[in-house]
Structure formats: structure tokens, C-alpha cells
2 protein chains.
Amino acid sequence: MQSAKLSSEESVYQRLKNAIRKRYIKQGSQLVEVTLAQQLGVSRTPVRSAIKRLGAEGLVNSIPNRGSFIITPTLKEIEETFLIRAHLEKMAACLTAEKITHDQLIILQELINSETLVFDKNNLDDYFTVNDTLHLKIAEISGNTVLCSYINELLNKTRIYLILNDPFCKREYSPTTEHQTIIDALKKHSPKEAGRAVENHIKSSIEGLETAGTLPEDYLFT
Amino acid sequence: MQSAKLSSEESVYQRLKNAIRKRYIKQGSQLVEVTLAQQLGVSRTPVRSAIKRLGAEGLVNSIPNRGSFIITPTLKEIEETFLIRAHLEKMAACLTAEKITHDQLIILQELINSETLVFDKNNLDDYFTVNDTLHLKIAEISGNTVLCSYINELLNKTRIYLILNDPFCKREYSPTTEHQTIIDALKKHSPKEAGRAVENHIKSSIEGLETAGTLPEDYLFT
DNA sequence: GTTTGAATTATTGTATACAATACCTGTATA
DNA sequence: TATACAGGTATTGTATACAATAATTCAAAC
């Protein structure tokens with residue numbers, strides 16, 4: 001799969017993004033064009049545009065004539081972004097509740113079921129992907145394509161914020177019943193309930209954020 | 001003002017964006033790197049990255065190995081984008097209504113006053129700018145920086161959508177009382193009223209969109 | 001007349017050399 | 001000791017040549 005030959009830029013872009021997701025690159029790290037070019041076996045040109053692309057997405061902070069650095073999201077930024085995500089996903093859920101079909105509900109249910117199957121606390125990436133796919137699917141059913149692409153952007157951004165903010169994997173995850181609550185509301189075709197369920201779920205997902213991202217004072221000795 | 005020397009890329013970017021705003025470039029136009037480079041007296045490199053930047057913003061549609069084209073926004077896209085803008089600006093207005101100060105209200109009032117002064121139906125660009133600045137200021141006061149930057153993006157996008165959709169300046173504009181209604185609600189510190197006022201205002205701004213963008217059948221003869 | 005396919009053309013994609021910029025470092029000077 | 005300045009270094013910014021790609025044209029074959 002995915003056999004279509006990628007351009008160098010596209011491939012550099014994907015590898016960089018993957019490196020962030022897998023925590024190979026930490027917040028604040030500088031991305032030096034020549035260095036990456038050597039490591040990836042290409043010239044500076046595609047590396048440069050891949051970095052710019054990450055900059056446009058808000059994952060990289062570029063300082064003119066100085067360099068590009070992986071962002072260090074602040075608590076405020078993270079909270080604000082989640083709040084926006086909550087609003088837009090609520091909006092989408094309301095629309096979706098009105099029009100969702102039986103078949104679409106089955107697909108969502110299958111995604112929820114696979115969540116627990118895929119869950120592995122030593123390799124959360126797949127779990128995250130299923131998780132985010134569920135949210136995206138709900139948005140897609142709304143029929144508002146633009147809304148859907150904004151939500152997709154926000155899903156990616158919040159996911160990466162949480163990863164950057166938690167470089168040592170201190171934060172714990174586990175499948176919740178909240179997704180099921182959302183589906184049940186959608187099944188009832190109740191925009192209000194579905195909207196509220198989504199909103200609550202997203203807002204609850206930044207609980208305990210303040211503590212993550214920092215290490216115990218004595219982390220070097222334990 | 002603005003004396004800081006811009007990079008070539010930045011300057012190309014600004015000129016292209018300005019050309020769209022001023023309707024010098026129409027929807028669907030192809031942006032050819034060498035051509036623009038010659039016209040602007042630079043090499044392909046900065047032109048290329050400026051175009052990519054416009055692509056990331058959704059103003060340009062780039063087809064790999066083929067070319068880049070100014071988008072042709074569909075009616076659906078425009079409506080969906082306005083709907084999202086309405087939601088987010090409503091959200092901002094609610095936050096702003098709670099905390100806006102006397103001094104901030106004065107600034108907003110001055111902006112409204114200047115709207116009628118600046119209005120000139122033969123050169124709407126300044127009017128648009130004041131208009132959008134007012135919306136942005138309300139968002140800024142909310143204190144949610146991320147929300148503010150999303151709203152800024154949406155203000156730009158919807159503005160350009162309307163411009164591209166109305167290449168022959170058929171659509172008519174005139175100052176309304178709706179902005180005053182919003183400020184009055186903010187003055188009362190009523191989130192509900194302010195939110196509704198903003199929402200209504202934005203939704204009403206796509207009235208009559210279906211007719212613009214198309215020419216009368218006999219436009220060649222009149 | 002339609003189809004095939006090999007030149008041709010238009011345009012983007014990539015590598016690379018060189019220019020410009022901002023920071024750092026160390027030395028001379030007060 | 002503090003400061004100003006000159007050189008050096010790390011890195012990005014720009015120009016340009018060449019490679020790769022995809023559409024187009026047009027003639028040959030059926």
C-alpha cells in the first residue's frame with residue numbers, strides 16, 4: 001500500500017511528523033536544514049519546504065535568518081486549542097446526530113470496539129490513531145467538509161501538543177466509556193445530547209495536564 | 001512605516017495576496033513560477049515558497065508536477081466557512097462580553113465610527129479592512145489567543161472567498177447597524193445577546209451570495 | 001477515422017553554490 | 001571591570017542549472 005512514489009519533500013515531511021509523534025524529536029529542538037538533509041539523504045531544498053510546511057501547521061516555530069524549532073506548547077495554548085476543538089466537534093456532532101444512518105452507526109461502533117483491541121500502553125500510537133479516526137468519522141458524517149478539515153487539523157494539533165508536553169510518557173491513557181456515550185446519543189438522533197457528550201469528553205481529556213510535562217525534582221536519582 | 005527590509009519571499013507573498021484582494025488575479029488563474037519571478041524581479045525560489053504558503057492557507061490549489069492555481073471557492077465551501085466563522089466569533093463574543101472594559105468599548109466605537117468615514121463604494125478595500133479589524137479586535141479582547149488566530153484566518157479566508165466569487169464587483173456593500181448592535185450587547189456585558197448579535201451578523205453577510213459570481217446571460221451585449 | 005506512441009513543450013522538483021544575516025567570541029580600550 | 005568592535009561561525013536566504021513529470025501535438029499504423 002501507499003506505493004505511489006512520494007516526492008522528496010512529502011517523504012521528509014512525513015518522516016519529521018512521525019518523528020515528533022514517536023517522541024524522537026522533543027519540544028524546542030532545532031531543525032537544521034543541512035543536518036536533516038544529510039541524515040535523510042536529500043538536498044536542503046525539500047527539507048526546507050517540509051520544515052516550512054510544518055511551520056504553516058503551527059508545529060514548528062521559524063525565526064527568520066536564525067532557525068526553526070519544534071514548538072513548546074504552553075499550558076494556555078493547549079487549553080485554548082482544546083476549547084476550540086470542543087466547540088467545533090460539538091457543532092459537528094449536532095449536525096451528525098440529525099442525519100446519521102444505521103450503517104454509519106455500525107461503522108462507528110466497530111471503531112469503538114477496536115479501541116480496546118488495539119490498546120497497548122507501551123505503544124499508544126495505534127490507539128491514538130483509532131481514537132482520532134472515530135472523532136474524524138463523526139465530523140465527516142456531518143457533511144460539512146470545511147468543518148471536517150478544521151477538526152482534522154485540530155485533532156492532529158492537540159494530539160501533538162499532548163505528546164510534546166509529555167516527553168517522558170508519564171501521562172496515562174486508557175479506553176473510556178465516553179465514546180460509547182457519544183454514539184448512544186447519536187443513535188437517539190439527539191443533537192443536544194450528542195453535542196454535550198462530545199463537549200464533555202473533549203474537555204475532560206485535558207484533565208491532569210498541569211502535572212504532566214514536568215519531572216519530579218529528584219528524577220536524576222531515582 | 002514598515003521600513004524593516006522584507007525577505008524576497010515575504011514581499012512576493014504580500015504582493016500576490018494583495019493582487020488577489022484587488023482582483024488583479026481571478027479565481028482559477030494559474031501561478032507560474034518563472035513568469036512571476038520575472039515580473040517581480042526575483043528568482044523562482046522565493047516565488048515558489050510564497051506560492052506554497054498561499055497553498056497552506058488554502059488560497060491556492062497546487063497539483064503536484066502540474067501547477068498552482070488560485071482556488072475557485074464553491075458556494076458550499078463559502079457557506080460552510082462562514083458557518084464556522086459564525087460559531088467561533090460567537091464563542092469569542094461571549095467571552096469578550098464578560099470582561100470588556102470601558103476603554104476597550106471606546107476603541108470599538110471609534111472603529112465603527114470610522115467605518116462610514118472610510119466607506120467608498122469605488123474602493124472598498126479600506127472599508128473591508130476596518131470591518132475585519134473590528135471583528136478581530138472583539139476576538140482579541142476575549143483573551144483566547146489561539147481562538148483569535150483562528151478567527152483572523154477565517155476573516156481573511158472569507159474576505160477572499162467573497163472577492164474571488166465576485167470578480168466583477170457586482171455585489172453591493174454598505175455600512176449596517178449590525179455592528180452597533182454587537183457593541184451595545186457587549187456594553188451590557190451580556191454574553192448571550194452579544195453572541196447572538198455576532199452570529200446573526202455573520203450569517204446575514206452571505207445573503208444574496210447565489211446571485212453574485214455569475215453574469216447575466218446577455219452580459220456581452222449590454 | 002481512430003488509436004498508438006514517440007517527440008515536444010510547459011512546468012514543477014531537486015541539487016548546489018554562493019550571499020546575507022545574526023549570533024558568538026575574544027581582544028583592545030577606557 | 002565594563003564596553004565597543006572586529007572577526008569568525010552557524011545557519012538561513014536566493015539564484016541557477018539540471019532532472020523529472022505530465023500534458024500536448026502530430027504523424028504513423030491499423
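Below, read A as the first sequence line, B as the second, and so on, with proteins coming before strands; counting in each chain starts at 1.
For A:Ser43, whose side chain is taken as the heavy atoms from C-beta onward, the closest listed nucleotide among C:dT12, D:dA22, C:dT16 is C:dT16. Across C:dT16, C:dA22, C:dG13, the shortest atom-to-atom separation from the side chain of A:Ser7 is found for C:dG13. Listed nucleotides: C:dC23, C:dT11, D:dA23. Nearest to the side chain of A:Arg66: C:dC23. Comparing C:dT14, D:dT21, C:dA15 by their closest approach to the side chain of A:Ser8 singles out C:dT14. Comparing atom distances between the A:Asn65 side chain and each of C:dT14, C:dT21, D:dA15 picks out C:dT21 as nearest. Among D:dT16, D:dG13, C:dT16, the nucleotide with an atom closest to any side-chain atom of B:Thr45 is D:dT16. With C:dA15, D:dT14, D:dT11 as the candidates, the nucleotide lying closest to the side chain of A:Arg44 is D:dT14.
The side-chain tip of B:Arg159 does not point at the ring of B:Tyr161 from less than 6.0 angstrom away and within 45° of straight on.
For the pair B:Gln38 CD and C:dT11 P, the computed distance is 11 Å after rounding to whole Å. Between the CG atom of A:Leu6 and the P atom of C:dG13 there is a distance of 13 Å, rounded to whole Å. Rounded to a whole Å, the CD atom of A:Glu33 is 13 Å from the C1' atom of C:dT16. Taking atom CG of residue A:Leu40 and atom C1' of nucleotide C:dA15, one finds them 15 Å apart after rounding to whole Å. Atom CD in A:Glu10 sits about 20 Å away from atom P in D:dA20, given to the nearest Å. When rounded to the nearest whole Å, the span between NZ of B:Lys52 and C1' of C:dT14 equals 11 Å. Atom CD of A:Glu9 is separated from atom P of D:dA19 by 21 Å (rounded to the nearest Å). With rounding to whole Å, B:Phe69 atom CZ is found 14 Å from D:dA22 atom P.
Ring geometry for A:His201 against A:His135 counts as parallel: the plane angle stays under 30°, on a 0 to 90° scale with 60° as the upper cut.
Between B:Lys52 and A:Glu9 there is a salt bridge, with a side-chain nitrogen of the basic residue lying less than 4.0 Å from a carboxylate oxygen of the acidic one.
Between B:Leu31 and A:Pro46, the residue anchored nearer the 5' end of DNA chain C, judged by the nucleotide with its closest heavy atom, is B:Leu31. Nearer the 5' end of DNA chain C, as judged by each residue's closest nucleotide, is the contact made by A:Val42, out of A:Val42 and A:Pro64.
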Original post:
How far apart are the C-alpha atoms of B:Leu209 and B:Arg171, what are their side-chain angles, what is the distance that settles it, and do they pass the side chain to side chain contact (heavy atoms under 4.5 Å, CB included) test?
Top reply: CA-CA 8 Å; B:Leu209 195 65; B:Arg171 194 176 165 78; 4.0 Å; yes
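B:Ile63 comes within contact range of no nucleotide atom at all, as no heavy-atom separation falls under 4.0 Å.
For A:Lys5 and D:dA20, the shortest distance from a side-chain N or O to OP1 or OP2 is not below 4.0 Å. Listed pair B:Arg48 / C:dG13 meets the phosphate criterion, a side-chain N or O lying under 4.0 Å from OP1 or OP2.
Nearest heavy atom pair, residue A:Glu77 against residue A:Thr72, reads OE1-O, 4.1 Å.
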